[in-house]
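Following: one structure in structure tokens, then a few remarks.
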There are 2 protein chains.
Amino acid sequence: MTEQSAAKLATLADVARLAGVSAMTVSRVVNEPAKVSPATQERVQQAMDQLRYRPNVMAQSLVRGRSRTIGVVTFDTAQYGPAAALLGIERAARERGYGVAIAAIERADHASLRDAVHSLDDRLVDGLVIIAPFVSTAGALRSLDRRTPVVLAGAGHAGEAPIVGIDQGKGASLATRHLLDLGHRTVHHVAGPSDWIESRLRTDGWRAALEAAAAAAPPPIEGDWSPLSGYNAGLLLANDPQTTAVFVANDQMALGVLSAFHERGIRVPEDVSIVGFDDTPESAFYTPALTTVRQDFILLGEVAVELLDRLVADEGSTAPVKHLIEPQLVIRASTGRMRQDHPHS
Amino acid sequence: MTEQSAAKLATLADVARLAGVSAMTVSRVVNEPAKVSPATQERVQQAMDQLRYRPNVMAQSLVRGRSRTIGVVTFDTAQYGPAAALLGIERAARERGYGVAIAAIERADHASLRDAVHSLDDRLVDGLVIIAPFVSTAGALRSLDRRTPVVLAGAGHAGEAPIVGIDQGKGASLATRHLLDLGHRTVHHVAGPSDWIESRLRTDGWRAALEAAAAAAPPPIEGDWSPLSGYNAGLLLANDPQTTAVFVANDQMALGVLSAFHERGIRVPEDVSIVGFDDTPESAFYTPALTTVRQDFILLGEVAVELLDRLVADEGSTAPVKHLIEPQLVIRASTGRMRQDHPHS
DNA sequence: AGATTCAATGTGAGCGCTAACATGCGGAAT
DNA sequence: ATTCCGCATGTTAGCGCTCACATTGAATCT
């Protein structure tokens, strides 16, 4: 194991001494090689290799006042969406030469968010991406004193901070209209937790699509994103013979609904059609394959970093941007035309 | 938005000036309050509040030579396992006052790993947790020059670095023996990619359990963890009338197998029994509910951080530790007794 | 030839903080 | 009183690096 922990790390000064130049010259070789003559460049390079020199990023950051690191505040969950967005962020950040520091929050409250933001802020990140999509997030954020630009990723009300998200309302409408177009008189809805902005926007989109079609909106059932809550909602829905179409606010809950229906002998899509939201890698392999709304989380992460990068560069333009990504309806086997005879009564 | 980006941040010196004490005293109030008299403590505290002082972690790190940050190298995937482990690490790190920086690698090659390790190393992390479970990882790691302690999380051959993992062989044996106990003559196997250590260990465990029962081991089918590859494997398996029991190396592929069997009219568990690996939140809601091997990824992350913390504290004991967590068989509806008449021929 | 430019390098200061070593002071010990 | 101790605080130096500004020497101009 080639570990040099014992032997002190080589510093700029060490390299300078070995190469017979000043520290500044070595610094230039590292940061702006064009300003150093080829000959000395060569000599310095050799010294660096020999000593295995690697710049101390921390010292650089201290003196430059920027760390080339972005902080990500994420919600403490192994859910597909946040995890994929984090990945997109990491990838985009790396491409632009940023490091990534993360802080997860376990609850939606003010204090957790403050701690997370401060812990990153104190580490002198150049900017923050927040994937903590609670209704309360934007407000909490406003009351915090921060030192860096922030981009909200996922959802949020514009005006608080620049925000990049996937058009939830659009996605929900797409899903609902699809079911309506299939001949269903109305569409039931299993919603996410009401303190998530995304839940609200999806519910709004569903309601809007129903209204536009002059269809009645049955009261939505609220879940917590988990398959189990979807299962429970499915049980409820199964008792209502009116149910012919369901729009579920995420794929995990849709799986639960599927499972409950299967257990109750309700066939999908023959008796009831189901649409999910997210398009996780698993969704195409559910039984039946799930019709759903695809969200490109990777792209979300990339756009967030790009935006943040711009904000970091010219600190002036803090115009409250709102960048919306188009979701996409993916039609698979869980939706079908409504049969004329009553479904399961 | 209370952003102070324009007004320069308050420094120790500013606080000292306002409180009428020396910088050192302020530093003491922050780090070892016991050494300062209550009276000045009070005064300094007031000055800090007034100026909204927050210590510059970077400057502290530079002078102390430690950053109270750990780096996590993870594989670029939204898979459940790595994502959950990352969460466990973050949580454990936060509890111990560590920040977390991440670097994802997209491919299994040497260069990617080196870049990731160096990029974290250069940011002066105090230690590294690596969740990049390729066969080649350990070797690559050895040839790298690093400056901090490393803990391998997930799997790995002992001896390269301290390692904490879930006992894959044990889990695979548990799964296989369960199927054998149900009366199946042999157990087919859908394996993960052969360049993942975890795949190999699971395959080994499966083979060992078969051998112990003097059962023949059919050639395993290799997938890539994805549901699609599981689906393809399922199609293959469906053609073989001998198949009565399948051990699939992760739940996502098991879902694919389930889907293929369903499509071919093979009933689970009546015709064929299936066991997965991981126990994702979805697994209990597959059709049928999946019997699987539970891995506690959160615990994995916590143990990894705990171990790393110890290594960071006393840099001496680099004894190659190996900490194994026990997996757990979760029996659900996808496994059943083998029927005496031939399954599906 | 002298003045002017430019490219290549060097110098000093300081980013914000803390380790290690002073300093000053009141009170206990002699 | 004198010595000594220990507490509360201050001073100096330096972590590793880059900024802003010299300083060189040679090439270019008039």
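Chain letters run A, B, ... following the sequence lines, proteins first, then strands; residues in each count from 1. Note: hydrogens, waters and symmetry copies are ignored here, and every other heavy atom, side chains too, is used. Since we're looking at a predicted model, the values are computed, not measured.
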Just N and O in the side chain of A:Ser27: are any of them under 4.0 Å from OP1 or OP2 of D:dC17?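 So the side-chain polar atoms of A:Ser27 never come under 4.0 Å of the phosphate oxygens OP1 or OP2 of D:dC17.
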If the cut-off is 4.0 Å, is A:Gln60 near the phosphate of D:dT18, judged by side-chain N/O to OP1 or OP2? yes
Take B:Glu302 and B:Arg96 through the test salt bridge (Lys or Arg N to Asp or Glu O under 4.0 Å) and record every step on the way to the result. CA-CA 11 Å; B:Glu302 284 169 359; B:Arg96 288 159 195 273; over 6 Å; no
Can you find a heavy atom in the side chain of A:Leu308 that is under 4.5 Å from one in the side chain of A:Ile70? yes
Side chains of B:Pro149 and B:Leu128: does their closest heavy-atom pair fall under 4.5 Å? no
Choosing from [options], which nucleotide comes nearest the side chain of [X]?
| X | options | answer |
| --- | --- | --- |
| A:Thr25 | D:dT18, D:dT9, C:dG10 | C:dG10 |
| B:Thr40 | D:dG16, D:dG14, D:dT9 | D:dT9 |
| A:Arg64 | C:dG10, C:dC17, D:dC19 | D:dC19 |
| A:Ser22 | D:dC17, D:dA8, C:dG10 | C:dG10 |
| A:Val63 | D:dT9, D:dG16, C:dG16 | D:dG16 |
| B:Met24 | D:dG10, D:dA20, D:dT18 | D:dG10 |
| B:Asn56 | D:dG10, D:dG16, C:dC17 | C:dC17 |
| A:Ser37 | C:dT18, C:dA8, C:dC17 | C:dA8 |

If you look only at distance, which donor and acceptor atoms sit under 3.5 Å apart when one is on a side chain in residues 113-120 of chain A and the other is two or more places apart or in another chain?
from	atom 1	to	atom 2	distance (Å)
A:His118	NE2	A:Asp145	O	3.4
A:His118	NE2	B:Arg54	NH1	3.3

Nearest whole angstrom, please: distance from the [atom2] of [N] to the [atom1] of [X].
| X | N | atom1 | atom2 | result |
| --- | --- | --- | --- | --- |
| B:Leu9 | C:dG16 | CG | P | 9 Å |
| A:Leu51 | D:dG16 | CG | C1' | 15 Å |
| B:Tyr53 | C:dG16 | OH | C1' | 8 Å |
| A:Leu124 | C:dC15 | CG | P | 14 Å |
| B:Asp14 | C:dG14 | CG | P | 15 Å |
| B:Gln41 | D:dC7 | CD | C1' | 14 Å |
| B:Met58 | D:dT18 | CE | P | 13 Å |
| B:Lys35 | C:dT18 | NZ | P | 13 Å |

Compute the ring centroids of B:Phe297 and B:Tyr80, then answer whether they are less than 6.0 Å apart.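 B:Phe297 vs B:Tyr80: aromatic centres under 6.0 Å.
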Of B:Ala23 and B:Ala59, whose closest DNA chain D nucleotide lies nearer the 5' terminus?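 Comparing both residues, the 5'-ward one is B:Ala23.
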